[in-house]
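Numbers restart at 1 for each chain; the letters A, B, ... are given by sequence-line order, proteins then strands. Just so you know, these numbers use all the heavy atoms, side chains as well, and skip hydrogens, waters and symmetry mates.
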Protein chains: 2
Amino acid sequence: MRTAVHQAVVDLVQDVGADKVTIPAVARRAGVNPSSVYRRWGTAAALLADVATRRQGEETPELLGDLRRDLERVAVWTLSDLSRPGGVAFFRAEVAPDVDDRRAGLRACLRRVSARFQAPLDAAARRGEVVPSLERVLDRVVAPLYFRVVFSVPGTDERFARGLVAELFGASGVEGSGLG
Amino acid sequence: MRTAVHQAVVDLVQDVGADKVTIPAVARRAGVNPSSVYRRWGTAAALLADVATRRQGEETPELLGDLRRDLERVAVWTLSDLSRPGGVAFFRAEVAPDVDDRRAGLRACLRRVSARFQAPLDAAARRGEVVPSLERVLDRVVAPLYFRVVFSVPGTDERFARGLVAELFGASGVEGSGLG
DNA sequence: CACTTAAAGCGGTGGTCTTTGCCTTAAGGG
DNA sequence: CCCTTAAGGCAAAGACCACCGCTTTAAGTG
């Protein structure tokens with residue numbers, strides 16, 4: 001049943017939007033009783049958070065040992081994670097809903113994305129390399145990705161994500177990546 | 001009455017959050033009848049969008065003629081606009097709500113912020129200067145500001161906004177701005 | 001087989017939002 | 001002065017959500 005409910009949440013989020021994801025609606029779609037969903041999760045926000053948490057733990061790119069390549073991989077993975085159906089909708093779900101849970105949801109979301117990028121940075125630092133700070137990576141790579149996906153800026157593809165990382169390592173790669 | 005309703009919306013957004021801004025609540029706070037609000041605006045999302053649109057037309061920084069200074073002014077203004085009470089809440093309101101109005105709200109939001117930065121770029125281009133593309137400004141200045149405000153990253157102040165613009169013009173200014 | 005217990009279904013209740021029809025009010029024009 | 005009309009207030013009706021107590025099912029155990 002948990003799988004049925006989770007699938008119903010994913011379907012509803014990308015069909016009618018995260019704000020319309022109400023427990024009765026999810027229960028109808030999943031073919032279960034609303035009260036059962038209320039018992040297990042309590043609120044729609046908790047249900048969305050559960051699905052979002054479950055989602056991101058599924059897979060994560062492994063590190064190869066080259067900082068730039070690893071950052072590119074993580075950036076591309078982050079972009080595809082945001083771009084897949086319902087991806088940014090879950091981000092919106094964590095950003096938007098109830099005031100009480102908002103800070104917690106935002107912190108969790110930021111922690112997840114930070115951890116993903118911190119891993120290759122730490123690995124490179126252990127190898128003795130000079131690495132940019134996490135804040136810099138967030139500003140120069142993650143923020144543009146989120147911004148562009150949220151606002152549906154065209155041309156936000158894998159090549160663009162790699163270009164953002166390339167810019168982090170110097171001016172090379174700017175010309176051919178449409179970033180000028 | 002329109003002013004009363006708009007003020008009630010602004011108050012409610014910064015008091016209880018944009019998601020709790022419901023038409024009956026606004027009507028109660030404004031001292032008007034809910035059905036009147038339903039007649040004029042129809043939905044809470046439309047009401048929020050109306051208030052957001054009305055808000056941004058109030059003021060905008062004028063240009064001085066120096067590209068870097070102008071971009072800094074616009075960046076600082078954008079940051080303070082996002083940071084003021086309810087600022088990012090209105091952004092969220094446009095990002096999050098109903099699927100039908102979402103694209104329109106996002107396009108309007110992006111158009112507004114783009115126009116604000118496009119103005120000094122155009123002015124500088126008319127003066128014959130070499131100017132960065134709007135996309136580059138969005139990626140390097142606007143996106144980090146939005147990202148940091150949404151996620152409440154500490155240290156996102158006026159100095160940081162100026163540092164983002166400084167980075168656009170070269171490596172100078174990086175050292176002292178906490179961006180490294 | 002009987003018992004225990006956790007999980008899910010069922011119905012009802014209260015509360016809020018949303019819609020609708022009708023009435024009142026006030027401003028503008030003949 | 002009277003008429004027209006648009007805007008707002010009023011109240012009732014419908015719909016939906018959230019919550020609660022109770023029952024039923026099913027799995028696990030001695």
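- Partners of B:A27 by side chain to side chain contact (heavy atoms under 4.5 Å, CB included), not counting sequence neighbours, listed by chain and number: B:V32, B:P34, B:V37.
- In this structure B:T22 satisfies the side chain to side chain contact (heavy atoms under 4.5 Å, CB included) test together with B:P24, B:A25, sequence neighbours excluded.
- Reading DNA chain C from its 5' end, the first and the last nucleotide to sit under 4.0 Å from a heavy atom of chain A are C:dA8 to C:dC10.
- Remark: A:R69 pairs with A:E72 by the salt bridge (Lys or Arg N to Asp or Glu O under 4.0 Å) rule, at least two apart or across chains.
- Residues satisfying the salt bridge (Lys or Arg N to Asp or Glu O under 4.0 Å) test with A:D157, not counting sequence neighbours, are none.
- B:D50 pairs by the salt bridge (Lys or Arg N to Asp or Glu O under 4.0 Å) definition with B:R54, not counting sequence neighbours.
- What separates CE of A:M1 from C1' of D:dT25 is a distance of 14 Å, to the nearest Å.
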Using a cutoff of under 3.5 Å, can you pull out all pairs of nitrogen or oxygen atoms linking the protein to nucleotides 12-14 of chain D, with atom names and distances?
none

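- In this pair, A:F147 and B:Y146 present their aromatic rings perpendicular. The plane angle is above 60°, beyond the 30 to 60° band.
- Interface residues of residues 32-40 of chain A facing DNA chain C, ordered by number: A:V32, A:N33, A:S35, A:S36, A:R39, A:R40; criterion, heavy-atom separation under 4.0 Å.
- Under the salt bridge (Lys or Arg N to Asp or Glu O under 4.0 Å) criterion, B:R127 pairs with B:E129, sequence neighbours left out.
- A:S36 meets the side chain to side chain contact (heavy atoms under 4.5 Å, CB included) test with A:M1, A:N33; sequence neighbours excluded.
- In this structure, A:R28 reaches the sugar-phosphate backbone alone: every heavy-atom distance under 4.0 Å involves primed, P, OP1 or OP2 atoms, never a base.
- Qualifying side chain to side chain contact (heavy atoms under 4.5 Å, CB included) partners for A:A161, counting only residues two or more places apart in sequence or in other chains: A:A75, A:V76, A:L79, A:L145.
- A:F117 pairs by the ring pair (Phe, Tyr, Trp, His ring centres under 6.0 Å) definition with nothing, not counting sequence neighbours.
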